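Comments concern the structure below.
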Amino acid sequence: MITVDEAFETFRQRLELSETERTDTIRKHNKVRDCIRGGFHIDRDFLTGSYDRHTKTKPLKDVDIFFTLGSKEQHWRSKAPSEVLDAFVDRLRGEFGKDAVQPGRRCATVEFERNTSEKEGKVLSIDAVPAIELSDCYEIPDRDLGKWIKTDPEIHAEKSTTKNKNLNGKWVPLVKMLKRWNRSADKPIKPSFLIEVMAQDLVDDPFTTYPGEVRRFFAAALEGIRQEWKDPAGLGPPVSDQMTPDLIKKAEAALRRAETEASRAVRLAQQGKQGEALAVWASIMGRYFPKS
């Protein structure tokens, strides 16, 4: 029988991307890049989001690519955000088919796999994000707000790297675990980036153990889920702007349940009941967590 700490280490390893997933990601994001470049004047394109920050969980969904619009495309900035987003959708549908491409709030999404339950080794979808590069940040179109918003994914990546370094490389695996819990709990916290933003503030040095830090995050997040969580770059709208009152209630219930069960699992492990503790942790964290 493995210990709880050993089980969390196995859990951490299972959440790492396989070589198959890396290869599939490269192949698919290159196809999306070639398609957009064939229809728009693009200065440069680059991976952003949780995939770039190494906090993406399995199965891979919503891998983000920023496309900075070149000089011939600057006219989109004076139009409604929906227009450039719809133009991206139309271009991608010409390559991947109408049913495979969906309009998003700030992107056009190419869906490679419709059954998104648990596809191993595959990239399920890629988000193509139009962007305008300014002197000190970027602007991207927001369909819901009806305007272009400022952001800087490079600042997000820098903060993630710094936090992970300060916690001896354990912060990124912890965030992956928490995102995996969120997915297993039917995504009560949206977007998943909000978990990263909360973990920046709620997880501090010294880092103890994965089970201990997971339980503490549940408790701290329960206290903070109603507050506004700002864009870490200090540019765009709050990251928590999708958390409606109903979703906050759902998140509170999920966090409360998770913290209660995690506390029970910790007590069982302290009593030497490793098997029972593992079973409880597996029920909390989802299918990738080992039961024995």
Side-chain angles (χ1 to χ4, degrees), residues 1-21 50 53-61 115-122 124 163-164 167-190 192 194-196 198-200 202-225 250-292:
M1 177 69 67
I2 62 174
T3 67
V4 168
D5 286 340
E6 290 169 340
F8 266 89
E9 176 58 23
T10 298
F11 185 42
R12 180 194 67 77
Q13 294 172 11
R14 289 178 177 179
L15 294 178
E16 295 294 329
L17 300 185
S18 67
E19 190 58 35
T20 299
E21 288 164 321
S50 56
R53 297 189 300 273
H54 309 290
T55 57
K56 178 67 75 177
T57 58
K58 295 182 179 182
L60 286 175
K61 193 172 185 293
N115 180 9
T116 61
S117 56
E118 300 298 344
K119 289 283 187 179
E120 296 292 347
K122 293 185 177 181
L124 302 181
K163 187 74 173 185
N164 192 52
L167 294 181
N168 298 315
K170 294 184 177 181
W171 185 80
V172 162
L174 175 67
V175 169
K176 286 184 177 181
M177 294 175 187
L178 295 170
K179 285 186 173 184
R180 185 62 232 184
W181 161 79
N182 190 54
R183 182 173 291 180
S184 298
D186 194 30
K187 301 179 182 178
I189 298 177
K190 295 181 181 181
S192 62
L194 178 55
I195 292 176
E196 282 189 59
M198 296 175 76
Q200 281 278 358
L202 301 180
V203 181
D204 295 318
D205 190 46
F207 192 99
T208 54
T209 63
Y210 287 123
E213 296 298 337
V214 167
R215 185 194 65 77
R216 274 186 282 276
F217 177 86
F218 290 150
L222 179 58
E223 293 294 321
I225 194 63
K250 179 181 178 181
E252 286 177 330
L255 287 165
R256 186 176 294 108
R257 182 167 55 251
E259 197 281 328
T260 298
E261 288 297 285
S263 295
R264 183 163 75 92
V266 169
R267 289 195 299 271
L268 287 168
Q270 291 171 344
Q271 294 166 7
K273 300 176 181 179
Q274 296 294 325
E276 293 179 50
L278 291 174
V280 175
W281 276 118
S283 71
I284 299 169
M285 306 307 292
R287 68 180 296 259
Y288 289 100
F289 195 91
K291 296 180 181 179
S292 61

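Remember, it's a predicted structure, so these values are computed and weren't measured experimentally.
- Scanning both residues, R180 and M285, for their nearest heavy atoms gives CG-O, 3.8 Å.
- K170 is linked by a side-chain contact (heavy atoms from CB on, under 4.5 Å) to F207, Y210, counting only residues two or more places apart in sequence or in another chain.
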Open item on the list: Pair I284, F218 - check side-chain contact (heavy atoms from CB on, under 4.5 Å), show working.
Closed with: CA-CA 11 Å; I284 299 169; F218 290 150; 4.0 Å; yes
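- Aromatic rings from F11 and W281 are positioned such that their centres are separated by 6.0 Å or more.
- Taking all atoms of both residues into account, the shortest heavy-atom contact from V203 to E213 is CG1-OE1, 4.1 Å.
- The minimum heavy-atom distance linking N164 with V172 is given by the pair OD1-N, 2.9 Å.
- The stretch residues 255-266 participates, sequence neighbours left out, in these salt bridge (charged side-chain N to carboxylate O under 4.0 Å, His left out) pairs: R215-E259, E261-R264.
- When side chains are defined from C-beta on, D5 counts as touching P211, because their heavy atoms get closer than 4.5 Å.
- Here OG of S184 is found 14.0 Å from NZ of K179. Values are rounded to the nearest 0.5 Å.
- Scanning for side-chain contact (heavy atoms from CB on, under 4.5 Å) contacts around A221 gives M198, L202, F217, L255, with sequence neighbours left out.
- Residue R12 holds its CZ atom at 8.5 Å from NZ of K176, rounded to the nearest 0.5 Å.
- How far CG of L178 is from CZ of R183: 13.5 Å, rounded to the nearest 0.5 Å.
- Scanning all heavy atoms of the two residues, the minimum distance from A7 to F289 falls at CB-CZ, 3.7 Å.
- Within the model, atoms CD1 of I189 and CD1 of I225 stand 4.5 Å from one another, a figure rounded to the nearest 0.5 Å.
- To the nearest 0.5 Å, atoms CH2 (W171) and CG (D205) are separated by 14.0 Å.
- With hydrogens and angles left out, the side-chain atoms of Q200 and E196 include no donor and acceptor closer than 3.5 Å.
- Between K291 and A282, the shortest heavy-atom contact is CG-CB, 3.7 Å.
- Rounding to the nearest 0.5 Å gives a distance of 10.5 Å between CD1 of I195 and NZ of K187.
- Of all non-hydrogen atoms in A269 and A277, the two that sit nearest each other are N-CB, 3.8 Å.
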